[in-house]
Amino acid sequence: VTLRARVLLTFVPVVLVPLVVFGVAVRRAARQRLTTQLEARAAAMVALVRHQLARQSDAIAARLATLREAAADDNRLRVAVVQGAVAERRYLLDYAGAALRVASLDMLQLQDETGRILSSGHFRNDFDRLEPGLPRAVAAAPGGTALVRVRTPEEPLLVLARVDALRLGARTLTLVGGVALERGVLAALPPDPELRVALLTPDDTAGRDAGAVTGAHVIAELELPYVGAEASGPARLMISHALESLTALRREVDRWFLIAVVTSGAAALALAWWLTARVTRPLTVLASRTAEVDLERLDVRFDGERPDEVGALARLLGEMTARLKAGAARLREFERRAAMGDLARQVNHDIKNGLAPIRNVFRHLAQVASEAPGDLARVLRERQATLDSSVAYLEGLAANYARLYPETERGPVSVNDVVRDTLRHVAVPAGATVRTDLADGLPAVRGDALVLRRILENLLGNAVDALGGGAGSVTVSTRVGDGQAPSVRLTVVDTGRGMTRTELDRAFDDFYTTKPRGTGLGLSIVRRLVLDLNGRLRVETAPGQGTRFIVEIPVDSTG
Amino acid sequence: VVALPGTVDPARAPLPDGEAERFLFRALYETLIRVDCTGRPLPALAQAWTPDDGGRRWTFLLRQDARFWDGEPVTAHDVVAAWAARDTLGALAPWDGPVVQSAQVMSDRVLAVRLRRPSVGVPLTLAHPGLAITKPAPGLRFPIGTGRYWIGESAQGITLAPAFGDLLPVVRLRPLGAGDARDALDAGADVLVTDDPAVLSYAATRPDLDAAPLPWDRTYVLVPAAGAVDHPAVGPDAVRVEARAPDGIPWWRTGSTCAPPVSLGGRTAARGSRRIAYPRGDPVARDVANRLVALAGPATASALAADALAGELRSPRSAAYVLALPRGVLDPCLATEQLAARIPWLDPGRVTPLLDVRRQAVLRGGRPALSLEWDGTLRVEPR
């Protein structure tokens, strides 16, 4: 897991957790506030309902008392009721209807002692029906007022009713009258879209907004005495609040909460991305620079101008590289000196080897000159080959030492051209095959064609030698390098005997050779030349499986 | 001054809707014959008629002095043209098609009418206002007629002036509309037709006014749509108008035998309904339905507008319907057919008469002479 991923994973919860806590708290507080307000409003509504019930009860009582007095004074009614006069029958039937309109009631019926309806105002044609229980039940209700479900031709009507009594002659009549609950009580309530009033009677749930209880929260309840068609008992007037407003509030909070979470999350991610980029970019640069550090390349620069920890780290790395560079220089010096010592001993040895035959020839010639001067010319001719051979040996020796430190000139060089040119001058022994596999369109590398040629000559010489004079092949190929920096890859592969691990470890040492006539300088020179070109050299080999030398040389970027 | 319930709309002429239009259109427009309250045919536009082809073909001789209001004589061509024009407009059915098969002009004054069914006597259906003779009158509100009166409208109302001669009194018609009929009496109405007990009670307090009962002209019936419906005796007390126990419907038995409607045996879509429906605007029907609800227990009464009622009578959704049927018809068979067309599922055996009702005419002393036509329409007679 990268540093950036860790920072991102840490940053998002740090932002979101407080936000979630805040959202939940807002939701809870809003709900509590709304519930408290609704409860207060419901309590006010209950008080208003109680007040309306009391007021209507008084008003109904007053109207019934007035009707009672008017009925007592009505002679046509007296004739119809007491004498049963047929001529006044219709007057009696319509009496309650007219009285109901005058008294502004919604229900009024005149019943005799047996409970028979003599006249009904709300249901004119309901006459002659026996209903003795209604007046008794209403009179027995607390306060003398009860909620009554009365019949009408169209549909039942819920009425707040009272009773009054009237004597006409020897007959006692009962007046049962009232106002519709809807008109007299519920219509007086202030409209509140969030509060609902529902009436549940023992008969059923008919009433205002029946069914509203479902899906709503009941806040307050009020019991009313109830006289129904089939059942009696308290009816419950329930005030509930519609859950829609609460649900809408929750939905609104949730929506904004979601928007806040998404926005904050996105902002947190963007910020974390930007911050981590700021932190990790110099570290990445440092890592990249550090990766370039090599014993052969210690001139990498570390910018330590930043005042922060990264700057301190860069300065430390720079100082470390500088110390490494000084140490490497000393090490090289030691190596050079050691090499010079070896070289001096080798030169001493080689020159001695080359001079010994010459000295012997000159001793022999001196001896002949003193003992048989006449044979001097003959002996000189006889020993001429020895002298020539020794001189040639010394000349070869000098040429080899001269190759150790060639002078180079840097410029754009086509690797393919160098390969083709070199192969034209290479002598291939019988049985060996040299193939090429050159990629087209390669960029030029920066270097010296002569240096490149020497690298290739040495590698080809090694490869041909590795075939051991037998059959085999050597393949030279070029490709675009696959490293981070643009480069060209030169590969020399042979099918020869390969190298052991030990041989490979020492292959690049000066003067190490496995060949009888080798100088031991070939691969050492190749390594130095490749490094001088800022390139890389890699070897893949195994005994019996041939060797692959891979040289990567940076592309010329000056053009 | 004649004050009658209802309003007047010239666009409906000569087909009346309500008491006022019935009186007015009957005075303005003539049919070939007219029928009095006893069912007797009398000359009108035609002065004489003779049967032919076993009663299938009737030849009518038009009155010689028959004139439109504009003075043009009325010819047999005018009769056929008036019928054809109304037929073309699609407004004549169903009293024309089922009765008159064809009409042939024999001469200017002679018209031969071929009937769908042979008739022993002159076909009374020809007195139906739908067969009244009219002539279009461009620019005028009412079509031109041949009746005894022609019309003049003023701010005071509708004035009927004698069209020919002066034997008839000038009549001012006052449609009552939604007004209080007692106001019309106070305003000097000489004739007023009403069934409102309050008006009759008020008239009884006035020494210059008398009330005369008109014939029992409507019978309220219960038409059950689904199974059996309890229909205990409703009783005249149930309604506020003058009513009596039903005396049967005079034309019902005859009509059922001459054109028995197809009985569907209660195969209707109204099962389970406890609703008793009645026409909106008919307080008598409302009271009857309410009384049925009061007596029948858990049921409701519901008023239906004309369109809704017509729809339900074709495809019932209520348990039963309270309807008013006229007691006087020109042709029992035709009346039955019309009822069957209105109520396709009608089972005549299950239609129960509940109440007969009638109106009263409140008359002032010195009023013009009046008679009654077959449907109870008032007719002003010459002095």
Side-chain angles (χ1 to χ4, degrees), chain A residues 74-77 79-81 84-102 106-112 115-131 134 149-158 176 201 203-204 206 228-231, chain B residues 195-202 204-205 220 222 230-245 273-280 282-305 308 318-322 354-355 357 360:
Chain A
D74 193 323
N75 290 332
R76 291 186 70 182
L77 181 67
V79 169
V81 172
V86 177
E88 300 297 349
R89 166 81 170 157
R90 293 196 180 206
Y91 180 76
L92 174 62
L93 293 182
D94 289 328
Y95 181 83
L100 172 137
R101 286 191 293 277
V102 169
D106 296 306
M107 177 253 178
L108 180 67
Q109 61 190 32
L110 199 60
Q111 294 177 256
D112 66 9
R116 183 180 302 279
I117 298 172
L118 300 180
S119 181
S120 171
H122 56 278
F123 189 178
R124 193 253 188 197
N125 279 353
D126 203 23
F127 56 83
D128 287 344
R129 192 165 60 83
L130 279 171
E131 199 173 37
L134 176 65
R149 180 187 292 273
V150 297
R151 297 178 71 202
T152 74
E154 290 80 20
E155 58 184 2
L157 182 66
L158 279 170
V176 185
T201 68
D203 278 333
D204 53 29
E230 296 167 3
Chain B
D195 57 5
D196 186 340
V199 177
L200 293 172
S201 173
Y202 178 70
T205 66
Y220 282 86
L222 180 69
D230 294 334
H231 46 80
V234 171
D237 287 347
V239 296
R240 294 169 172 85
V241 302
E242 189 179 6
R244 69 175 185 187
S273 171
R274 300 288 301 173
R275 186 173 73 162
I276 297 173
Y278 59 91
R280 176 166 295 159
D282 185 339
V284 180
R286 181 198 63 208
D287 285 344
V288 171
N290 287 0
R291 184 59 179 162
L292 288 171
V293 168
L295 295 172
T300 59
S302 184
L304 296 180
S318 300
Y321 298 87
V322 173
L354 299 171
L355 287 176
V357 297
Q360 299 229 5

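Residue numbering restarts at 1 for every chain, and letters A, B, ... go by the order of the sequence lines.
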For a quick check, list the donor-acceptor atom pairs closer than 3.5 Å between chain A and chain B, or say none.
{"from": "R89(A)", "atom 1": "NE", "to": "D237(B)", "atom 2": "OD2", "distance (Å)": "2.6"}
{"from": "R89(A)", "atom 1": "NH2", "to": "D237(B)", "atom 2": "OD2", "distance (Å)": "3.3"}
{"from": "R90(A)", "atom 1": "NH1", "to": "V239(B)", "atom 2": "O", "distance (Å)": "3.0"}
{"from": "R90(A)", "atom 1": "NH1", "to": "R240(B)", "atom 2": "O", "distance (Å)": "3.3"}
{"from": "R90(A)", "atom 1": "NH1", "to": "V241(B)", "atom 2": "O", "distance (Å)": "2.7"}
{"from": "R90(A)", "atom 1": "NH2", "to": "P236(B)", "atom 2": "O", "distance (Å)": "3.1"}
{"from": "R90(A)", "atom 1": "NH2", "to": "V241(B)", "atom 2": "O", "distance (Å)": "3.4"}
{"from": "R124(A)", "atom 1": "NH1", "to": "D237(B)", "atom 2": "O", "distance (Å)": "2.5"}
{"from": "R124(A)", "atom 1": "NH1", "to": "A238(B)", "atom 2": "O", "distance (Å)": "2.8"}
{"from": "R124(A)", "atom 1": "NH2", "to": "D237(B)", "atom 2": "O", "distance (Å)": "3.4"}
{"from": "N125(A)", "atom 1": "O", "to": "R291(B)", "atom 2": "NH1", "distance (Å)": "2.7"}
{"from": "N125(A)", "atom 1": "ND2", "to": "A238(B)", "atom 2": "O", "distance (Å)": "3.0"}
{"from": "N125(A)", "atom 1": "ND2", "to": "D287(B)", "atom 2": "O", "distance (Å)": "2.4"}
{"from": "F127(A)", "atom 1": "O", "to": "R291(B)", "atom 2": "NH1", "distance (Å)": "2.9"}
{"from": "R151(A)", "atom 1": "NH2", "to": "V293(B)", "atom 2": "O", "distance (Å)": "2.8"}
{"from": "R151(A)", "atom 1": "NH2", "to": "G297(B)", "atom 2": "O", "distance (Å)": "2.9"}
{"from": "P153(A)", "atom 1": "O", "to": "A301(B)", "atom 2": "N", "distance (Å)": "2.6"}

Looking at every non-hydrogen atom in both residues, tell me the closest pair between [X] and [Y] and how far apart they are.
X       : Y       : result
A320(B) : L222(B) : CB-CD1, 3.6 Å
A233(B) : L295(B) : O-CD1, 3.8 Å
L304(B) : A277(B) : CD1-CB, 3.6 Å
V322(B) : P279(B) : O-CD, 3.3 Å

Are any of the side-chain heavy atoms of L77(A) and L110(A) separated by less than 4.5 Å?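 In short, these two side chains touch, coming nearer than 4.5 Å.
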Pairwise side-chain contact, L292(B) with L354(B), heavy-atom cut-off 4.5 Å (strictly under):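 Of all side-chain heavy-atom pairs linking L354(B) with L292(B), at least one is under 4.5 Å.
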Where on P197(B) is there a heavy atom nearer than 4.5 Å to chain A: the side chain, the backbone, both, or neither?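 Neither part; nothing is under 4.5 Å.
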Which atoms of A299(B) are under 4.5 Å from chain A, going by heavy atoms: the side chain, the backbone, both sets, or neither?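 Contact with chain A: backbone only.
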Assess the residue pair V176(A) and V150(A) against the criterion (side-chain contact (heavy atoms from CB on, under 4.5 Å)); give the C-alpha distance rounded to whole Å, side-chain angles, the decisive distance to 0.1 Å, and a yes or no. CA-CA 11 Å; V176(A) 185; V150(A) 297; over 6 Å; no
